[in-house]
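Both backbone and side-chain heavy atoms feed into the values below; hydrogens, waters and symmetry mates do not. Counting starts at 1 for both ligands and their atoms, following the listed order.
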Amino acid sequence: MIQIALTIAGSDSGGGAGIQADLKTFAFHRVHGASALTCITAQNTLGVDRVQALSPEMVAAQIDAVVGDLGASAVKTGMLFNREIIEAVTDSIERWRLTELVVDPVMVSRTGARLLDDRAIASLIENLLPLASIVTPNRYEASILSGIEIDSLETMREAAAIIHQLGPAAVLVKGGGLPGKLRGVDLWFDGQEWETFTTKTVETTNTHGTGCTLSAAIAANLALGANRKTAVKKAKTYVTKALEHALAIGHGTGPVGHFYPLLASPPSS
Ligand SMILES: Nc1ncnc2c1ncn2[C@@H]1O[C@H](COP(=O)(O)OP(=O)(O)OP(=O)(O)O)[C@@H](O)[C@H]1O
Ligand SMILES: Cc1ncc(COP(=O)(O)O)c(N)n1
């Protein structure tokens with residue numbers, strides 16, 4: 001039986017991050033991907049030119065349409081953009097009792113654009129984080145959520161412990177933005193166990209969409225029945241491979257290669 005995963009996130013017109021990255025990642029994992037769009041971005045590898053949010057009612061209606069008919073074995077959230085959308089998403093998740101929830105607390109893009117307004121951060125902390133099975137902040141998001149400057153494994157640990165107190169079942173502080181050997185080292189804390197997920201550092205500047213891809217791959221693996229830590233381990237392996245096959249396209253930060261096995265030999269017609 002095919003499993004269903006739902007992404008609640010923004011559209012990236014350039015196809016590297018957001019809903020587009022999530023659906024490619026779900027498809028790679030042979031999970032049927034459904035989506036609830038929160039906003040549309042006019043975006044490419046160089047940056048975000050414009051953002052238009054959907055109404056919170058429209059976001060909730062998409063979630064209702066998907067879950068009411070198809071159900072969802074796992075859900076991930078990405079760019080939620082404003083407080084009203086966060087409140088609508090929180091309400092829908094509670095109403096439908098969606099329990100396998102990966103929250104990627106997207107705040108700023110790789111290219112520096114704000115993807116979440118300031119008023120929304122408090123709502124994210126208060127409403128959404130306590131519902132999360134796993135929250136996956138990057139270095140900067142973990143700093144904002146914990147109030148701690150992150151530049152070492154020790155400060156990642158301190159931040160993870162503080163963020164765990166905010167209510168998610170588990171925290172994964174991602175090290176993609178860290179310097180030197182820590183680049184690509186992620187730290188897991190679920191209130192009891194600590195684990196460091198380390199893969200090789202991939203030398204590439206084409207890293208657009210790594211965070212979206214990781215959280216979508218975690219959700220896909222949860223939908224397939226993996227336990228939380230195994231889902232993270234598998235997702236990390238996938239994102240590393242996709243980074244190794246990142247696409248040098250556009251004039252800025254290219255996206256990861258979601259379908260890397262097909263890139264070597266495209267399907268014959
Ligand atoms: N150069 C790299 N080599 C290996 N792993 C990396 C590299 N860059 C990022 N990663 C991994 O990619 C995943 C995403 O982490 P990252 O810190 O880049 O998230 P992010 O900033 O939310 O991503 P983005 O905002 O670009 O979508 C993590 O598992 C991280 O360790
Ligand atoms: C719609 C959308 N969602 C998420 C991101 C974050 O991804 P990145 O940090 O790689 O730009 C993005 N740029 N756009």
Side-chain angles (χ1 to χ4, degrees), residues 7-23 25 35-54 76-81 85 102-116 134-145 150 153 156 159 172-188 195-218 231-246 250 252-256 258:
T7 168
I8 306 170
S11 164
D12 169 4
S13 53
I19 289 272
Q20 288 81 356
D22 296 343
L23 292 178
T25 302
S35 59
L37 271 182
T38 56
C39 54
I40 297 165
T41 69
Q43 180 174 182
N44 55 27
T45 64
L46 294 168
V48 179
D49 295 332
R50 205 164 156 164
V51 180
Q52 185 161 335
L54 271 73
K76 75 148 270 188
T77 63
M79 177 178 175
L80 298 176
F81 194 55
I85 293 176
V102 183
V103 174
D104 183 3
V106 173
M107 294 182 190
V108 183
S109 80
R110 260 304 140 115
T111 48
R114 293 303 302 257
L115 302 179
L116 186 70
I134 307 174
V135 59
T136 61
N138 65 20
R139 174 191 188 177
Y140 304 103
E141 292 150 356
S143 276
I144 290 168
L145 294 173
I150 296 168
L153 209 48
M156 281 168 100
L172 184 76
V173 178
K174 299 174 294 190
L178 284 159
K181 280 203 195 119
L182 280 177
R183 189 169 176 215
V185 174
D186 302 343
L187 182 72
W188 162 275
E195 184 148 341
T196 309
F197 292 96
T198 310
T199 50
K200 64 188 250 197
T201 301
V202 183
E203 294 305 332
T204 179
T205 52
N206 296 316
T207 57
H208 182 46
T210 48
C212 304
T213 300
L214 181 80
S215 54
I218 296 172
V232 169
K233 195 171 167 41
K234 289 186 167 180
K236 176 98 179 106
T237 303
Y238 171 64
V239 91
T240 307
K241 288 258 186 240
L243 265 166
E244 281 173 341
H245 296 84
T253 307
V256 300
H258 289 97

*Asks:* Please list, chain by chain and in numerical order, all residues satisfying salt bridge (Lys or Arg N to Asp or Glu O under 4.0 Å) with Asp12, sequence neighbours excluded.
*Replies:*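 Asp12 satisfies salt bridge (Lys or Arg N to Asp or Glu O under 4.0 Å) with no other residue.
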
*Asks:* If you measure from each non-hydrogen atom of His208 to ligand 2, which part falls under 4.0 Å: side chain, backbone, both or neither?
*Replies:* both

*Asks:* Got a donor-acceptor contact below 3.5 angstrom from the Ser13 side chain to the Gln43 backbone?
*Replies:*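 Yes; judged by distance alone, with no hydrogens or angles, the pair exists.
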
*Asks:* Could you list the atoms of ligand 1 found under 4.0 angstrom from a heavy atom of Gly177?
*Replies:* 17 (O)

*Asks:* Please give me the minimum heavy-atom distance between Gln20 and Ser11, naming the atom from each residue.
*Replies:* NE2-OG, 2.9 Å

*Asks:* Using every non-hydrogen atom in the two residues, find where Pro137 and Ala142 come nearest and quote the distance to one decimal.
*Replies:*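 Looks like CB-N, 3.6 Å.
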
*Asks:* Does ligand 2 come near enough to Asp12 that some N or O of the ligand is less than 3.5 Å from an N or O of the residue?
*Replies:*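 No - when backbone and side-chain N and O of Asp12 are compared with those of ligand 2, no distance drops under 3.5 Å.
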
*Asks:* Give me the atom names and distance for the closest heavy-atom approach of Lys76 to Asp104.
*Replies:*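 Heavy atoms only, the tightest pair is NZ-OD2, 4.3 Å.
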
*Asks:* Judging by distance only, is a nitrogen or oxygen of Thr240 under 3.5 angstrom from one on ligand 1?
*Replies:*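 No, since none of the N or O atoms of Thr240 sits under 3.5 Å from an N or O of ligand 1.
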
*Asks:* For Gly209, counting its heavy atoms only, list the atoms of ligand 2 lying under 4.0 Å from any of them.
*Replies:* 10 (O)

*Asks:* Taking only heavy atoms of Lys200 into account, list the atoms of ligand 1 that are under 4.0 Å away from them.
*Replies:* 3 (N), 4 (C)

*Asks:* So is Gly176 polar-close to ligand 1, meaning N/O to N/O under 3.5 Å?
*Replies:* yes

*Asks:* Of the non-hydrogen atoms in Ile150 and Ser143, which two are nearest, and what is the gap between them?
*Replies:*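 Distance-wise, the nearest heavy atoms are N-OG, 3.6 Å.
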
*Asks:* Give the atom numbers and elements of ligand 2 that come within less than 4.0 Å of a heavy atom of Ser11.
*Replies:*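 Matching atoms, with element in brackets: 1 (C).
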
*Asks:* Between atom NE2 of His245 and atom CG of Asn206, what is the distance when rounded to the nearest 0.5 Å?
*Replies:*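 If we round to the nearest 0.5 Å, His245:NE2 and Asn206:CG are 13.5 Å apart.
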
*Asks:* Would you say Cys212 touches ligand 2, if touching means a heavy atom closer than 4.0 Å?
*Replies:* yes

*Asks:* Show which atoms of ligand 1 fall inside a sub-4.0 Å distance from at least one heavy-atom site of Arg183.
*Replies:* 1 (N)

*Asks:* Output yes when a side-chain donor or acceptor of Thr38 lies under 3.5 Å from a complementary backbone atom of Leu80, and no otherwise.
*Replies:*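 Absent.
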
*Asks:* According to the interplanar angle, ranging from 0 to 90°, do the rings of His258 and Tyr238 count as parallel (below 30°), tilted (30 to 60°) or perpendicular (above 60°)?
*Replies:* tilted

*Asks:* Heavy atoms only: give me the nearest Met79-Cys39 pair and the separation to one decimal.
*Replies:*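 Nearest pair, atom of Met79 first, then Cys39: CE-SG, 3.5 Å.
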
*Asks:* Could you check which of Thr204, Asn138, Leu172 puts a non-hydrogen atom nearest to atom 20 (P) of ligand 1?
*Replies:*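 When every heavy atom of Thr204, Asn138, Leu172 is considered, Asn138 comes closest to atom 20 (P) of ligand 1.
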
*Asks:* Is Val239 close to ligand 1, meaning an N/O of one under 3.5 Å from an N/O of the other?
*Replies:* no

*Asks:* Going by the atom numbers of ligand 1, which of them fall below 4.0 Å from some non-hydrogen atom of Leu214?
*Replies:*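 Counting atoms of ligand 1 from 1, those under 4.0 Å from Leu214 are 29 (O).
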
*Asks:* Looking at Lys174 and Thr136, would you say the former's side chain and the latter's main chain have a donor-acceptor pair under 3.5 Å?
*Replies:* yes

*Asks:* What atoms of ligand 1 come within less than 4.0 Å of a heavy atom belonging to Gly209?
*Replies:* 26 (O), 27 (O)

*Asks:* Distance-only, no hydrogens or angles: does the Thr201 side chain make a donor-acceptor pair with backbone N or O of Arg183 under 3.5 Å?
*Replies:*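 Flag set: sc Thr201 to bb Arg183 pair under 3.5 Å.
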
*Asks:* Between Glu141 and ligand 1, does any nitrogen or oxygen pair lie at a separation below 3.5 Å?
*Replies:* no

*Asks:* May I ask you to check whether Gly10 has an N/O atom sitting below 3.5 Å from an N/O atom of ligand 2?
*Replies:*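 No; the residue has no nitrogen or oxygen that sits under 3.5 Å from a nitrogen or oxygen of the ligand.
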
*Asks:* Taking 4.0 angstrom as the limit and counting only heavy atoms of Met79, give me the atoms of ligand 2 inside it, by number and element.
*Replies:* 1 (C), 2 (C), 3 (N)

*Asks:* Which residue in the set Thr199, Thr207, Thr213 passes side-chain contact (heavy atoms from CB on, under 4.5 Å) when paired with Leu243?
*Replies:*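 With Leu243 as partner, Thr199, Thr207, Thr213 yield a single side-chain contact (heavy atoms from CB on, under 4.5 Å), made by Thr207.
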
*Asks:* Taking only non-hydrogen atoms of Gly78, do any sit less than 4.0 angstrom from ligand 2?
*Replies:*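 Checking ligand 2 against Gly78, which is what was asked, there is no heavy-atom contact under 4.0 Å.
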
*Asks:* Below a 4.0 angstrom heavy-atom separation, can you tell me which part of Lys236, side chain or backbone, both or neither, approaches ligand 1?
*Replies:* side chain

*Asks:* In this structure, are over 12 heavy atoms from other groups packed under 6.0 Å from Lys236 atom NZ?
*Replies:* yes

*Asks:* Taking 4.0 angstrom as the limit and counting only heavy atoms of Cys212, give me the atoms of ligand 1 inside it, by number and element.
*Replies:*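 Answer, ordered by atom number: 27 (O).
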
*Asks:* Considering only heavy atoms of Thr207, which atoms of ligand 1 have at least one such atom less than 4.0 Å away?
*Replies:* 26 (O)

*Asks:* Looking only at heavy atoms, is any part of Ala9 under 4.0 Å from ligand 2, and if so is it the side chain, the backbone, or both, or is it neither?
*Replies:* neither

*Asks:* For a quick test of reading the model, state the closest non-hydrogen atom pair linking Thr25 to Ala217 and the distance between them.
*Replies:* CG2-N, 3.5 Å

*Asks:* Would you mind telling me if ligand 1 is within reach of the side chain of Val106, the backbone, both or neither, using heavy atoms under 4.0 Å?
*Replies:*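 Near ligand 1, Val106 shows nothing, with every heavy atom at 4.0 Å or more.
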
*Asks:* Ignoring hydrogens, just give me the one of Thr210, Val202, Thr253 whose non-hydrogen atom is nearest atom 2 (C) of ligand 1.
*Replies:* Val202

*Asks:* Ligand 2 and Gln43, any nitrogen or oxygen pair closer than 3.5 angstrom?
*Replies:* yes

